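A quick write-up on the structure given underneath.
Since this is a predicted model, take the numbers as computed values, not measurements. By convention in this document, chain letters (A, B, ...) are assigned in the order of the sequence lines, proteins followed by strands, and residues within each chain are numbered from 1. What you see below is based on every heavy atom in this structure, not just the backbone, and it leaves out hydrogens, waters and symmetry mates.
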There are 2 protein chains.
Amino acid sequence: MLKSGLSAVYGGLKSNVTSVVYQRKAIVEDQDSCIIHHFSHYCVLTKEEKALLDELEENPTEVKAGEALWEENDAAEDFCTLRSGWAYSYRYLENGSRQILEIFLPGDIIGLREFAFSRRLAGVRMIEDGVICCFPHHRIMALFRQSLTLTAVMFAIASRQQVLMTERLVNIARRSARKKMAHFLLEMHQRLRQTGTGSGCNLRLPLSQELLADLLGLSSVHVSRTFTTLSREGLVHRDRYDVVIPNLEALVGEAEFDDRYLVDNLRPLFRAE
Amino acid sequence: MLKSGLSAVYGGLKSNVTSVVYQRKAIVEDQDSCIIHHFSHYCVLTKEEKALLDELEENPTEVKAGEALWEENDAAEDFCTLRSGWAYSYRYLENGSRQILEIFLPGDIIGLREFAFSRRLAGVRMIEDGVICCFPHHRIMALFRQSLTLTAVMFAIASRQQVLMTERLVNIARRSARKKMAHFLLEMHQRLRQTGTGSGCNLRLPLSQELLADLLGLSSVHVSRTFTTLSREGLVHRDRYDVVIPNLEALVGEAEFDDRYLVDNLRPLFRAE
DNA sequence: CGTTGTATTGAACGGCCTCAAGGTTGGTGG
DNA sequence: CCACCAACCTTGAGGCCGTTCAATACAACG
């Protein structure tokens with residue numbers, strides 16, 4: 001019944017599990033932090049602000065594909081930045097079905113959902129091997145205290161996450177299977193371009209069809225069928241995890257895709273106010 | 001094609017419309033602000049903090065049922081607190097269908113979604129006559145600057161809104177029509193109890209079946225059918241806008257309703273950190 | 001008393017699901 | 001190097017849940 005390859009705990013009943021993230025050996029890396037890159041997208045940062053953000057990433061740990069950062073109902077004690085690799089959040093229902101809520105890409109912050117809660121409302125797992133950096137709740141409070149700009153950007157990031165979820169809601173609730181898939185592919189295409197990972201008309205999408213199904217509210221069987229249909233019509237070509245969109249405009253039209261929710265029409269400058 | 005009784009602008013093309021909210025006569029009220037009540041739910045507030053919150057409500061205006069606070073794609077210039085009346089946010093799709101995203105109750109803050117955006121991503125309309133208070137973007141920044149506690153609570157409120165939307169997503173994506181409706185009724189029941197409006201096992205739910213359909217991703221025909229089914233089984237009785245839940249536990253079981261996402265397992269004290 | 005928005009009920013259709021069987025791919029160990 | 005296995009994907013057949021269309025009833029309000 002459980003779809004994940006690991007010891008997924010249905011309903012989150014495994015209560016006294018501390019976050020696995022602290023049980024791993026710390027590793028050291030010195031690349032340019034991609035969380036700074038992420039924040040810089042909203043606002044020009046001072047040296048001090050960059051230093052504050054760097055503090056969030058003091059504690060990098062490696063995580064393997066499929067590994068859980070936490071399960072539903074675990075104690076919610078800290079947040080994570082995702083330094084490399086993809087992750088997703090999910091919820092299991094009583095009937096055993098799973099809904100995937102969000103896909104996290106490098107630079108994203110994980111766990112903001114539970115800012116006001118003491119227990120996790122959704123689990124999070126890695127899609128591929130990666131590196132995360134955990135920081136406790138009070139670090140965010142310190143950040144609020146020390147930088148108005150970072151406070152605003154943090155709020156902006158939370159707002160953007162909500163907007164992504166809103167669009168997923170609309171997608172799931174109101175579109176046909178082929179539109180759902182077309183729309184999702186375009187969303188990922190755009191997001192990957194924004195993080196600098198994306199190239200032209202092709203993208204690497206390391207998601208199984210089962211995961212896609214759980215994300216889009218479909219069955220994996222129907223995901224497969226829809227892919228073959230889209231492929232037959234020349235809208236999307238897929239080979240394992242490599243996706244090619246030969247005609248972007250055609251797919252945009254097919255999905256009725258409007259990227260305004262992604263382009264961050266961001267308000268000019270927090271700092272001026 | 002347009003379902004709303006007013007001049008809903010499909011696709012939000014009415015570009016140069018300033019928010020109607022400023023075109024109405026200001027009225028004066030002196031009741032205890034329900035936004036303070038809302039914030040107090042998360043944290044004990046000092047006099048100064050209450051004063052700051054009061055400033056957000058300097059500008060109360062009356063709005064009539066059905067009236068739009070803004071349309072999709074309008075300029076996003078300010079936020080609103082909802083002082084009385086219900087409101088909802090929505091999106092129209094190209095095929096003319098509408099998805100309702102959230103139901104706002106008195107004390108809620110409207111417009112946080114667009115914190116990082118310069119244009120509205122969703123429209124907002126009143127369900128009943130009410131009073132709103134608009135305040136510009138820089139007021140939130142001032143609040144961030146002046147009170148760490150209020151900053152944290154504002155973040156908590158945004159986080160809670162996201163959690164509500166998450167649950168709606170799961171509800172729409174993964175449950176049968178009868179579970180969707182049962183679940184939604186229980187959610188509203190709980191929320192109304194939290195705002196102090198709710199009594200025992202009955203609630204006033206001023207939502208047409210068409211609105212419910214657009215909220216739950218169903219057709220209004222099927223909402224009607226499902227209501228009659230639930231009623232025949234004695235799970236829910238409905239007379240116009242009055243809903244009675246004769247056996248709460250039975251309905252909870254039917255919906256597999258878990259209220260953890262609503263009870264704000266809130267982290268003890270922001271202030272201490 | 002007509003009008004307009006809202007709710008009910010029936011009949012027929014269809015998109016997506018479930019079940020099931022087979023095919024493909026990549027990794028592992030003999 | 002090949003055999004085997006596990007995970008993943010594909011394809012078919014049949015069925016169900018919810019939709020659409022349409023007709024009727026009901027309520028509030030001028």
Side-chain angles (χ1 to χ4, degrees), chain A residues 1-6 8 64-66 93 95-99 125 127-129 171-182 184 205-232 236-243, chain B residues 1-8 64-66 93 95-99 125 127-129 171-184 205-232 236-243:
Chain A
M1 184 94 304
L2 285 174
K3 297 170 171 185
S4 168
L6 291 182
K64 293 235 185 85
L93 275 75
N95 61 21
S97 70
R98 176 179 70 162
Q99 179 61 41
R125 295 182 113 73
I127 292 172
E128 337 172 79
D129 294 355
N171 201 28
I172 287 177
R174 293 288 161 191
R175 288 195 251 257
S176 65
R178 54 181 291 134
K179 280 188 204 242
K180 285 183 192 183
M181 293 193 44
F184 174 71
L205 200 73
L207 311 176
S208 71
Q209 296 194 354
E210 182 168 13
L211 198 145
L212 280 171
D214 289 351
L215 183 75
L216 297 174
L218 298 168
S219 68
S220 63
V221 173
H222 204 64
V223 168
S224 171
R225 273 191 242 276
T226 308
F227 256 133
T228 51
T229 307
L230 287 175
S231 183
R232 232 192 307 270
V236 171
H237 293 297
R238 196 182 66 95
D239 176 41
R240 259 195 109 50
Y241 291 157
D242 293 315
V243 174
Chain B
M1 183 94 303
L2 286 174
K3 296 171 172 181
S4 167
L6 291 182
S7 65
K64 294 235 185 83
L93 275 76
N95 62 20
S97 70
R98 175 179 71 164
Q99 179 61 41
R125 294 180 114 71
I127 291 172
E128 338 170 79
D129 295 353
N171 202 27
I172 287 177
R174 294 288 159 193
R175 289 196 251 257
S176 66
R178 56 181 290 133
K179 281 189 204 241
K180 286 183 191 183
M181 292 194 43
H183 196 278
F184 174 71
L205 200 72
L207 310 176
S208 71
Q209 296 195 352
E210 182 168 10
L211 198 145
L212 279 171
D214 289 351
L215 184 76
L216 298 174
L218 297 168
S219 67
S220 62
V221 173
H222 204 63
V223 168
S224 172
R225 274 191 241 275
T226 308
F227 257 133
T228 51
T229 307
L230 287 175
S231 184
R232 231 192 308 270
V236 171
H237 294 297
R238 195 182 65 97
D239 176 40
R240 261 199 104 48
Y241 290 157
D242 293 316
V243 175

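Note that CD1 of A/I172 and CG of A/L218 are 8.5 Å apart. Values are rounded to the nearest 0.5 Å. Rounded to the nearest 0.5 Å, atoms CD (B/E210) and CG (B/L215) are 12.5 Å apart. Here B/L212 contributes atom CG and B/F184 contributes atom CZ; the two are 5.5 Å apart, rounded to the nearest 0.5 Å. Put simply, CG on B/L211 and CD on B/Q209 are 11.0 Å apart, with the number rounded to the nearest 0.5 Å.
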Reading nucleotides 25-30 of chain D from 5' to 3' and marking B where a protein heavy atom lies under 4.0 Å of the base, S where only the sugar-phosphate is that close, and - otherwise, the string is ------

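Annotation: side chain to side chain donor-acceptor pair (under 3.5 Å) contacts involving residues 217-226 of chain A, sequence neighbours excluded, are absent.
Nucleic acid contact for A/S176: sugar-phosphate only, since backbone atoms but no base atoms lie under 4.0 Å from a heavy atom of the residue. Residue contacts for A/R178: at a heavy-atom cut-off of 4.0 Å it reaches no nucleic acid atom on any strand shown.
Rounded to an integer number of Å, the gap from CG of A/L207 to P of D/dA7 is 19 Å. C/dA7 atom P lies 12 Å from atom CG of B/D239, rounded to whole Å. Atom pair A/L212:CG and D/dT10:C1' shows a separation of 15 Å (rounding to whole Å applied). Distance CG (B/L218) to C1' (D/dT20): 14 Å, rounded to an integer number of Å. Here C/dG15 presents its P atom at 13 Å from NZ of A/K179, a figure rounded to the nearest Å. Between B/L211 atom CG and C/dG5 atom P the separation is 16 Å, expressed in whole Å. D/dC9 atom C1' lies 11 Å from atom OH of A/Y241, rounded to whole Å. Atom-to-atom, CZ of B/R174 to P of C/dC16 comes out at 14 Å; the value is rounded to the nearest Å.
Proximity of A/L230 to A/R238: side-chain heavy atoms (C-beta onward) are nowhere separated by under 4.5 Å.
Taking only side-chain nitrogens and oxygens, B/Q209 comes nearer than 4.0 Å to OP1 or OP2 of C/dT8.
Among the nucleotides C/dC17, D/dT11, D/dC8, the one closest to the side chain of A/S219 is C/dC17. For B/V221, counting side-chain heavy atoms from C-beta on, the closest listed nucleotide (D/dT20, C/dT6, D/dG12) is D/dT20.
By the side chain to side chain contact (heavy atoms under 4.5 Å, CB included) test, B/D242 is found to be paired with B/R204, residues two or more places apart in sequence or in another chain being considered. Listed by chain and number, the residues in a side chain to side chain contact (heavy atoms under 4.5 Å, CB included) with A/T229 are A/R178, A/E233 (sequence neighbours excluded). For the side chain to side chain contact (heavy atoms under 4.5 Å, CB included) test, residues two or more places apart in sequence or in another chain that qualify with A/T228 are A/R232.
Of the possible donor and acceptor atoms, none in the side chain of B/D214 sits under 3.5 Å from a partner among the backbone N and O of B/Q99.
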Start with the C-alpha gap between A/R175 and B/L93, add the side-chain angles, then the distance that decides, and say whether side-chain contact (heavy atoms from CB on, under 4.5 Å) holds.
CA-CA 9 Å; A/R175 288 195 251 257; B/L93 275 76; 3.8 Å; yes

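Contact between B/G217 and B/K180 at its shortest, heavy atoms only, is O-NZ, 4.0 Å.
Recorded end-axis angle for the helix from C/dC1-D/dG30 to C/dG30-D/dC1 stands at 30°, based on five pairs per end and rounded to 10 degrees.
Within residues 222-229 of chain A, the residues that have a heavy atom under 4.0 Å from DNA chain C are, in order of number, A/H222, A/R225.
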